[in-house]
Amino acid sequence: MKTAIYPGSFDPITLGHMDVIGRAAQCFDRVIVCVMVNCEKKHHMFTAQQRVDMVRRAVAGFPNVEASSWDGLLADFAVKEQANILVKGVRNGSDFDMEYQMALINKGICPTLETVLFPASADYIHFSSTMAREMIRYHQNLEKYVPASVVEELKGR
Ligand code: PNS
């Protein structure tokens with residue numbers, strides 16, 4: 001069974017993330033979308049629990065995708081889940097530089113851990129959680145940026 005982990009802040013999950021999740025779900029038997037709790041972006045708009053809940057609802061339609069969270073080293077989570085693949089999305093050269101570095105670091109920690117990079121689909125190349133947060137702050141129409149379940153949840157607040 002090929003288990004892949006898609007880690008990130010997901011603050012909030014966007015349609016760009018969903019595109020990567022859908023594609024990863026076709027490549028691997030099991031995909032765990034892992035909300036990293038203590039990553040460097042300290043000023044989250046949503047709590048870890050809210051981010052996990054949003055991810056869980058968003059991936060509910062994929063039978064082989066689950067949501068989880070981890071407060072620690074990603075490589076340790078991969079070992080715990082018996083996963084040897086990390087999935088990341090890349091939109092541009094800066095993303096690639098960053099992801100290449102992280103891939104080397106993760107492989108240095110756990111030599112069996114491979115990073116698979118998915119190039120962003122053209123429709124989502126300009127998407128980011130930062131942009132989604134701005135749209136939320138300024139009460140813009142969110143349908144184009146985040147999954148419908150996130151739009152619904154935000155409307156309810
Ligand atoms: O969505 P983000 O914020 O770009 O995701 C970055 C993330 C959380 C995937 C990265 O910072 C990470 O893997 N953090 C976990 C801590 C860790 O394992 N660090 C070593 C690898 S760089």
Side-chain angles (χ1 to χ4, degrees), residues 2-25 27-28 30-59 62 65-137 142 144-147 149-151 153-154:
K2 284 251 168 272
T3 300
I5 295 171
Y6 181 29
S9 311
F10 302 108
D11 185 38
I13 188 166
T14 68
L15 292 180
H17 294 131
M18 292 303 293
D19 179 60
V20 173
I21 291 167
R23 290 156 68 196
C27 295
F28 307 111
R30 178 179 173 228
V31 177
I32 307 174
V33 182
C34 185
V35 173
M36 300 305 289
V37 173
N38 264 337
C39 50
E40 284 188 8
K41 291 174 197 162
K42 293 202 168 33
H43 302 292
H44 290 119
M45 175 175 265
F46 299 100
T47 65
Q49 190 57 57
Q50 287 170 328
R51 287 181 279 142
V52 178
D53 289 346
M54 282 191 276
V55 170
R56 189 161 288 129
R57 277 188 216 111
V59 303
F62 295 97
V65 181
E66 57 199 82
S68 192
S69 67
W70 185 251
D71 183 1
L73 206 56
L74 182 56
D76 288 340
F77 181 71
V79 169
K80 179 178 99 66
E81 294 294 338
Q82 295 182 305
N84 66 347
I85 297 146
L86 297 176
V87 162
K88 300 289 190 85
V90 286
R91 294 162 297 189
N92 49 42
S94 333
D95 276 0
F96 178 81
D97 289 347
M98 176 71 85
E99 296 304 341
Y100 186 33
Q101 253 186 353
M102 286 202 262
L104 292 177
I105 293 169
N106 283 314
K107 205 168 172 54
I109 300 169
C110 180
T112 54
L113 205 44
E114 291 295 346
T115 298
V116 175
L117 300 179
F118 284 79
S121 296
D123 285 350
Y124 304 113
I125 210 148
H126 56 298
F127 277 43
S128 67
S129 292
T130 308
M131 182 198 69
R133 290 196 297 276
E134 289 288 286
M135 298 301 163
I136 293 167
R137 260 188 211 108
L142 296 174
K144 279 187 289 182
Y145 306 108
V146 298
S149 57
V150 173
V151 177
E153 193 190 324
L154 292 171

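Indexing begins at 1, ligand by ligand and atom by atom, following the structure's order. Residue indices begin at 1 and follow the sequence shown.
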*asked:* Using a 4.0 Å cutoff against the non-hydrogen atoms of Gly8, which atoms of ligand 1 qualify?
replied: 1 (O), 5 (O)
*Which bit of Asn106 is near ligand 1, meaning a heavy atom under 4.0 Å away: side chain, backbone, both or neither?*
side chain
*asked:* Using a 4.0 Å cut-off to any heavy atom of Ser9, which atoms of ligand 1 qualify?
replied: 1 (O), 2 (P), 3 (O), 5 (O)
_Quick check on Met98: does its CE atom have over 12 non-hydrogen neighbours (other residues, nucleotides or ligands) under 6.0 Å away?_
no
*Option passing ring-ring contact (aromatic ring centres under 6.0 Å, His included) with His17 (candidates Tyr124, Tyr145, Phe10)*: Phe10
_Using a 4.0 Å cutoff against the non-hydrogen atoms of Leu74, which atoms of ligand 1 qualify?_
13 (O), 17 (C), 18 (O)
*May I ask you to say whether Arg23 pairs ionically with Asp19, meaning some side-chain N is under 4.0 Å from a carboxylate O?*
yes
_Taking 4.0 angstrom as the limit and counting only heavy atoms of Met36, give me the atoms of ligand 1 inside it, by number and element._
8 (C), 15 (C)
*Go through the steps to decide whether Ile85 and Lys2 satisfy the test side chain to side chain contact (heavy atoms under 4.5 Å, CB included), and finish with yes or no.*
CA-CA 8 Å; Ile85 297 146; Lys2 284 251 168 272; 3.6 Å; yes
*Measure up the Trp70 and Phe77 rings against each other and bin them: parallel (under 30°), tilted (30 to 60°), perpendicular (over 60°).*
tilted
